[in-house]
Amino acid sequence: LPAATPWVLSGNEAKLDLASGVTRVVAGEGADSLTLLDFSTRSPRVLHLTNLPNTVLGPPSNIALSPDGQMLVFTATDEAGKMQLWVRSLNSTTAQPLAGTEDAQLPFWSPDSRTLAFFADGKLKKMDMGGGPALTVCDVVDGFGGSWNTNDVIVFGTRGAIFRVPAAGGSATPATAVDRAAGETGHSFPWFLPDGRHFFFTEQFQAGGPQPLFDVRMSTNILASYD
């Protein structure tokens with residue numbers, strides 16, 4: 001989570017069928033829950049959210065807390081099986097679906113908590129939480145996590161390298177290079193550091209190689225800001 005938001009997330013995903021290898025809602029299972037720990041006070045505040053509606057993909061990748069610590073968004077399905085994003089204020093007991101986010105996954109927030117980004121329909125999209133339709137930022141075949149800095153640069157993972165794109169939209173360009181000779185297969189789930197210029201990301205490696213399947217590295221790239 002951003003440094004300005006001293007929260008820790010812990011979740012219970014009760015509807016993910018791991019045995020079959022297929023992501024689906026498992027009939028008869030209990031409701032999902034989410035626990036947040038607020039460390040902004042001397043005695044941490046515990047917020048336990050229960051009865052999350054039919055979440056399909058659990059934490060942490062499909063749950064995003066806004067940088068101001070006020071809003072929670074997550075991927076869920078309704079009674080008809082339609083998957084979309086739902087949003088819930090931490091001061092509320094109910095969540096509301098976000099129209100225009102059908103089949104959305106892997107949401108993440110702008111630094112000012114006013115805009116939500118997500119992957120859907122082969123694209124990276126964004127939506128103003130004050131109202132308005134979802135807008136396309138760029139095309140993405142398979143998105144694997146994203147992060148948005150204060151210079152309005154977005155970095156996102158793919159089945160290959162990490163890419164960067166202006167939050168206003170445009171062509172995405174590589175921000176990392178996958179070292180195939182070293183056994184790397186892809187980079188994913190970038191996360192900007194507070195300086196907004198460096199980011200962490202996860203490296204994936206070939207199974208059976210000398211490296212672990214997953215490794216977390218810090219990018220040595222310094223991202224130029226977009227004017």
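What you see is a predicted model; the values in this text were computed from it and never measured.
Taking all atoms of both residues into account, the shortest heavy-atom contact from F144 to L106 is CA-CD1, 3.9 Å. Counting all heavy atoms, side chain and backbone alike, S147 lies closest to P190 at CB-O, 3.6 Å. In terms of heavy-atom proximity, V178 sits nearest to T185 at CG1-C, 4.0 Å.
Here the side chains of N151 and F192 are not in contact, with every heavy-atom distance at 4.5 Å or above. The side-chain heavy atoms of D68 and W109, taken from C-beta on, include no pair separated by under 4.5 Å. At a threshold of 4.5 Å between non-hydrogen side-chain atoms, the residues L116 and M71 do not count as touching.
Partners of D121 by side-chain contact (heavy atoms from CB on, under 4.5 Å), not counting sequence neighbours, listed by chain and number: K125. Applying the side chain to side chain donor-acceptor pair (under 3.5 Å) rule to S188 yields the partners Q204; only residues at least two apart in sequence or on another chain are considered. In terms of the side chain to side chain donor-acceptor pair (under 3.5 Å) criterion, residue partners of S110 (sequence neighbours excluded) are, by chain and number, D112. With sequence neighbours excluded, the residues satisfying side chain to side chain donor-acceptor pair (under 3.5 Å) with W148 are D152. Looking at residues two or more places apart in sequence or on another chain, you find a side-chain contact (heavy atoms from CB on, under 4.5 Å) between T101 and Q84, L85, L98, A104, F118, M127. When the side-chain contact (heavy atoms from CB on, under 4.5 Å) test is applied to T150, the partners found at least two apart in sequence or on another chain are P111. Contacts of D179 classified as side-chain contact (heavy atoms from CB on, under 4.5 Å), with partners at least two apart in sequence or in another chain: A181, A182, E184.
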List the atom pairs, with distances to 0.1 Å, where a side-chain N or O of residues 155-163 and a protein N or O form a donor-acceptor pair under 3.5 Å, not counting sequence neighbours.
{"unit_1": "T158", "atom_1": "OG1", "unit_2": "G160", "atom_2": "N", "d": "2.9"}
{"unit_1": "T158", "atom_1": "OG1", "unit_2": "A161", "atom_2": "N", "d": "3.4"}
{"unit_1": "T158", "atom_1": "OG1", "unit_2": "A161", "atom_2": "O", "d": "2.7"}
{"unit_1": "R159", "atom_1": "NE", "unit_2": "D142", "atom_2": "OD2", "d": "3.0"}

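Other residues sharing a hydrophobic cluster with L135 under the 4.5 Å side-chain heavy-atom criterion for ILVMFWY residues do not exist; the residue is a singleton.
There is no path of hydrophobic side-chain contacts, each under 4.5 Å, that joins V87 to M83. W86 and V73 are members of different hydrophobic clusters when ILVMFWY side chains are connected at heavy-atom separations under 4.5 Å.
Classified by interplanar angle (parallel below 30°, tilted 30° to 60°, perpendicular above 60°), the ring pair F201/H187 is tilted.
Of the inter-residue distances, the one linking I63 atom CD1 with R88 atom CZ reads 11.0 Å to the nearest 0.5 angstrom. Here F119 contributes atom CZ and F108 contributes atom CZ; the two are 5.0 Å apart, rounded to the nearest 0.5 Å. Considering CZ of R164 and SG of C138, their distance stands at 13.0 Å, rounded to 0.5 Å.
Annotation: side chain to side chain donor-acceptor pair (under 3.5 Å) contacts involving residues 126-136, sequence neighbours excluded, are absent.
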